[in-house]
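Below you'll find the structure, written out as structure tokens, and then a few comments.
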Amino acid sequence: PEVMAGMAKLWNPVLAPVGLEVDLDNSDAPIHSHDPIVFELVRKGSGEKVAYGQIGSGLRRVLFGMGHLWLLSYGRT
């Protein structure tokens, strides 16, 4: 859905310098508004899956903060 693509567009520039990107094909979109959004991160060159816990805590904090703020404004004009 639109939410997943929007988050990937927001996160990919932050992930690019460390060689990662969001894999939308294998990510799970929420069915209900209270369901979690599950993103798969992969290495750009090899396509190797990278667990969220494997990235640094600073980067995780930045991604979570950006995503949280973006979702608060999602769908508002």
Side-chain angles (χ1 to χ4, degrees):
E2 302 168 11
V3 173
M4 302 292 282
M7 290 287 285
K9 185 178 178 182
L10 181 71
W11 281 7
N12 278 334
V14 176
L15 293 168
V18 293
L20 300 174
E21 65 185 352
V22 174
D23 179 12
L24 286 176
D25 295 332
N26 294 311
S27 297
D28 291 331
I31 296 172
H32 301 287
S33 61
H34 62 277
D35 290 343
I37 297 173
V38 179
F39 284 101
E40 292 290 334
L41 302 177
V42 294
R43 296 195 190 282
K44 276 188 173 184
S46 65
E48 175 189 354
K49 190 172 164 182
V50 177
Y52 188 70
Q54 289 179 307
I55 62 175
S57 61
L59 181 55
R60 284 195 310 253
R61 196 172 289 162
V62 167
L63 293 175
F64 180 82
M66 289 173 65
H68 181 73
L69 290 174
W70 184 81
L71 284 171
L72 285 175
S73 66
Y74 177 75
R76 296 181 185 208
T77 56

Name every donor-acceptor pair, under 3.5 Å, that has one atom in a side chain of residues 12-22 and the other anywhere in the protein, sequence neighbours excluded.
{"from": "Asn12", "atom 1": "OD1", "to": "Val22", "atom 2": "N", "distance (Å)": "2.8"}
{"from": "Asn12", "atom 1": "ND2", "to": "Ala8", "atom 2": "O", "distance (Å)": "3.2"}

For residues 44-52, dump all side-chain donor-acceptor pairs below 3.5 Å to protein atoms at least two apart in sequence or in another chain.
{"from": "Ser46", "atom 1": "OG", "to": "Glu48", "atom 2": "N", "distance (Å)": "3.2"}
{"from": "Glu48", "atom 1": "OE1", "to": "Arg43", "atom 2": "NE", "distance (Å)": "3.3"}
{"from": "Tyr52", "atom 1": "OH", "to": "Arg60", "atom 2": "O", "distance (Å)": "3.3"}

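- The heavy-atom pair separating Met4 from Phe39 by the smallest distance is O-CE2, 3.8 Å.
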Contacts under 3.5 angstrom, residues 63-72 side chains, donor-acceptor by atom type, not counting sequence neighbours:
none

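- Between the CG atom in Leu24 and the CE atom in Met7 there is a gap of 11.0 Å [rounded to 0.5 Å].
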